[in-house]
K.L.:
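Take a look at the following structure, please.
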Amino acid sequence: MDIPHQRLVYFQVTVEAGSIRRAAARLNIAPSAVSRQIGLLEEAMAASLIERTRDGVQPTRVGEMLLDYILQREKLDQHLGERLDAYQRLETGEIRLIIGEGFVGDIINSPLRAFRKQYPGITLKVDTGSMQSIIDSVIEDEADIGLMYHERVHPQLRFWHSSPQPLVAIMSPEHPLACETHALTLEEVAQHPMALWGPSHGVRQLMDDGFREAGVRQLMDDGFREAGVRPHMVVQTNSMEVLKQAARSELCITLLPAFAAARELQEGVLIARDVECASFRQARAHIITRVGRRMPRASLQLLRHLERWIAAFSGPRQEAR
């Protein structure tokens, strides 16, 4: 039932005032106007809403029901106003992020920690995924913000900030290549046992590009294909932790951006060596949203936190020297 708000106000004031004349005085209009609006309201509801008594007017049973509805609506309006006000002040709300697994340690300890401290009422929903799942989630509005590695252009994505993050060889300090000070060639890397992402992962696709450029050998979904030197893959996984543990155990080398193993590199349990490969050097980390998506204030504030944080990634990678 679509009832004009003005008629509800006239009815409520009339009940509160106890007479149409007093209600008209409060509303600063003619009594006939109040009476006419209440009449239209009664016609719409097919029931009498007020009855006249010696002391004035009082609501009928239907009138009491309508008055209760008006009071409940006022409470809902007030509650909505309070929620909207809190939302605009960044006191409440939810932001959905989807990020590559390699970002987890740094993003929790730095930008998300700072953001939560500044806006404790905001709920952060954080999921991890592959490059393709991050793209799909952002495009389909299942996530507000994405943080991914490697992809550089996409017609449906807005790239808010990008940070150069070369792919490097990660290994134990005891690994035979650890003593090398020059940038490793792909041929050198390929001669040692390797732990690699599965074929659908963005880092693995970047590695495929690099090996194709070098003419070493393609890394295909169905395994390796003969072409020059054969990379010696002994571990394939969809887990960042498995890759790092495999490298720590001296079992093999893995290829990751340095930030993905930042804690281990800082502690010295892993070391990083640059790799001589144009594709690896051009890799970047990106903050993304969907093109055309209107970002709430809270999301924009988080984007600013993330931009400052990812910009810090652009500094020298001492561990990879």
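A quick note: this is a predicted structure, and the numbers were derived from the prediction, not measured. Numbers here are sequence positions counted from 1.
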K.L.:
Examine Val291 and Leu147 and state if one hydrophobic cluster contains both, with Ile, Leu, Val, Met, Phe, Trp and Tyr joined whenever side-chain heavy atoms are less than 4.5 Å apart.
P.N.:
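Different hydrophobic clusters.
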K.L.:
Tell me every residue that passes side chain to side chain contact (heavy atoms under 4.5 Å, CB included) with Ser249, counting only those two or more places apart in sequence or in another chain.
P.N.:
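Per chain and number, Ser249 pairs via side chain to side chain contact (heavy atoms under 4.5 Å, CB included) with Leu251.
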K.L.:
Flag yes if Leu300 and Ile310 sit in one hydrophobic cluster, no otherwise; membership is Ile, Leu, Val, Met, Phe, Trp, Tyr, and two members link when side-chain heavy atoms are under 4.5 Å apart.
P.N.:
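Same hydrophobic cluster.
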K.L.:
Closer than 4.0 angstrom, basic N to acidic O: yes or no for Glu64 and Arg61?
P.N.:
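Salt bridge: yes.
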K.L.:
Can we say Lys125 and Glu94 salt-bridge, meaning some charged N sits less than 4.0 Å from an Asp/Glu carboxylate O?
P.N.:
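No salt bridge links Lys125 with Glu94.
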K.L.:
Would you check, one step at a time, whether the test side chain to side chain donor-acceptor pair (under 3.5 Å) holds for Gln191 with Glu187?
P.N.:
CA-CA 6 Å; Gln191 292 173 9; Glu187 288 80 3; over 6 Å; no
K.L.:
Give a yes-or-no answer on whether the side chains of Ser133 and Ser130 include a donor-acceptor pair shorter than 3.5 Å.
P.N.:
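Yes, a side-chain donor-acceptor pair sits under 3.5 Å.
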K.L.:
How far apart are the C-alpha atoms of Gln165 and Arg284, what are their side-chain angles, what is the distance that settles it, and do they pass the side chain to side chain donor-acceptor pair (under 3.5 Å) test?
P.N.:
CA-CA 5 Å; Gln165 292 298 321; Arg284 306 177 74 85; over 6 Å; no
K.L.:
Could you tell me which residues satisfy salt bridge (charged side-chain N to carboxylate O under 4.0 Å, His left out) with Glu250, sequence neighbours excluded, listed by chain and number?
P.N.:
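Result, salt bridge (charged side-chain N to carboxylate O under 4.0 Å, His left out) vs Glu250: none returned.
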K.L.:
Establish whether Ile29 and Ile20 are linked, either directly or via other cluster members, by ILVMFWY side-chain heavy-atom contacts under 4.5 Å.
P.N.:
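Yes, one cluster joins them.
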K.L.:
Checking side chain to side chain contact (heavy atoms under 4.5 Å, CB included) between Ile145 and each of Val138, Leu303, Val126, which is the one that passes?
P.N.:
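So, applying the side chain to side chain contact (heavy atoms under 4.5 Å, CB included) to Ile145 and each of Val138, Leu303, Val126, only Leu303 qualifies.
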K.L.:
Checking side chain to side chain contact (heavy atoms under 4.5 Å, CB included) between Pro59 and each of Val15, Leu49, Leu66, which is the one that passes?
P.N.:
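One option only clears the test, and that one is Val15.
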K.L.:
So with a 6.0 Å cut-off around CZ of Arg21, is the heavy-atom count from everything else above 12?
P.N.:
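Counting neighbours around CZ of Arg21, 12 or fewer heavy atoms of other residues, nucleotides or ligands fall under 6.0 Å, so no.
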K.L.:
State, without any angle test, whether Trp160 and Thr289 hold a side-chain donor-acceptor pair at a distance under 3.5 Å.
P.N.:
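Distance-only check passes for Trp160 and Thr289.
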K.L.:
Inspect the surroundings of CZ in Arg113 and state if more than 12 heavy atoms from other residues, nucleotides or ligands are less than 6.0 Å away.
P.N.:
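No, because the 6.0 Å sphere around CZ of Arg113 holds 12 heavy atoms or fewer from other groups.
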K.L.:
Once side chain to side chain contact (heavy atoms under 4.5 Å, CB included) is applied, do any residues pair with Glu43, and if so which ones, sequence neighbours excluded?
P.N.:
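In terms of side chain to side chain contact (heavy atoms under 4.5 Å, CB included), with neighbours along the sequence ignored, Glu43 is linked to Leu40.
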K.L.:
Before accepting this row, confirm whether a basic side-chain N of the pair Glu276/Arg281 lies closer than 4.0 Å to the acidic partner's carboxylate O.
P.N.:
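Yes, charged N to carboxylate O under 4.0 Å.
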K.L.:
Are Phe11 and Met65 in one and the same hydrophobic cluster, where Ile, Leu, Val, Met, Phe, Trp and Tyr link if side-chain heavy atoms are under 4.5 Å apart?
P.N.:
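The answer is no; the residues belong to distinct hydrophobic clusters.
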K.L.:
Give a yes or no on whether Ile3 and Val9 share a hydrophobic cluster (residues Ile, Leu, Val, Met, Phe, Trp, Tyr; joining criterion: side-chain heavy atoms under 4.5 Å apart).
P.N.:
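Same hydrophobic cluster.
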K.L.:
Parallel, tilted or perpendicular: which fits the ring planes of Trp309 and Phe103, with parallel below 30° and perpendicular above 60°?
P.N.:
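Aromatic pair Trp309/Phe103 classed perpendicular.
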K.L.:
So which of Ile287, Ile99, Ile134, Ile98 actually passes side chain to side chain contact (heavy atoms under 4.5 Å, CB included) with Met148?
P.N.:
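For Met148, the side chain to side chain contact (heavy atoms under 4.5 Å, CB included) check succeeds only for Ile134.
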K.L.:
Is a side-chain donor-acceptor pair under 3.5 Å present for Gln301 with Gln118?
P.N.:
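Looking only at side-chain atoms, Gln301 and Gln118 do not form any donor-acceptor pair under 3.5 Å.
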K.L.:
Step by step, would you call Glu180 with His182 a side chain to side chain donor-acceptor pair (under 3.5 Å)?
P.N.:
CA-CA 6 Å; Glu180 301 292 348; His182 64 276; 3.3 Å; yes
K.L.:
Evaluate whether atom NE2 of His5 has more than 12 neighbouring non-hydrogen atoms of other residues, nucleotides or ligands under 6.0 angstrom away.
P.N.:
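Check fails, neighbour count at 12 or below.
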K.L.:
Hey, do the aromatic rings of His286 and His150 have their centres closer than 6.0 Å?
P.N.:
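No, the ring of His286 stays outside the 6.0 Å limit from the ring of His150, centre to centre.
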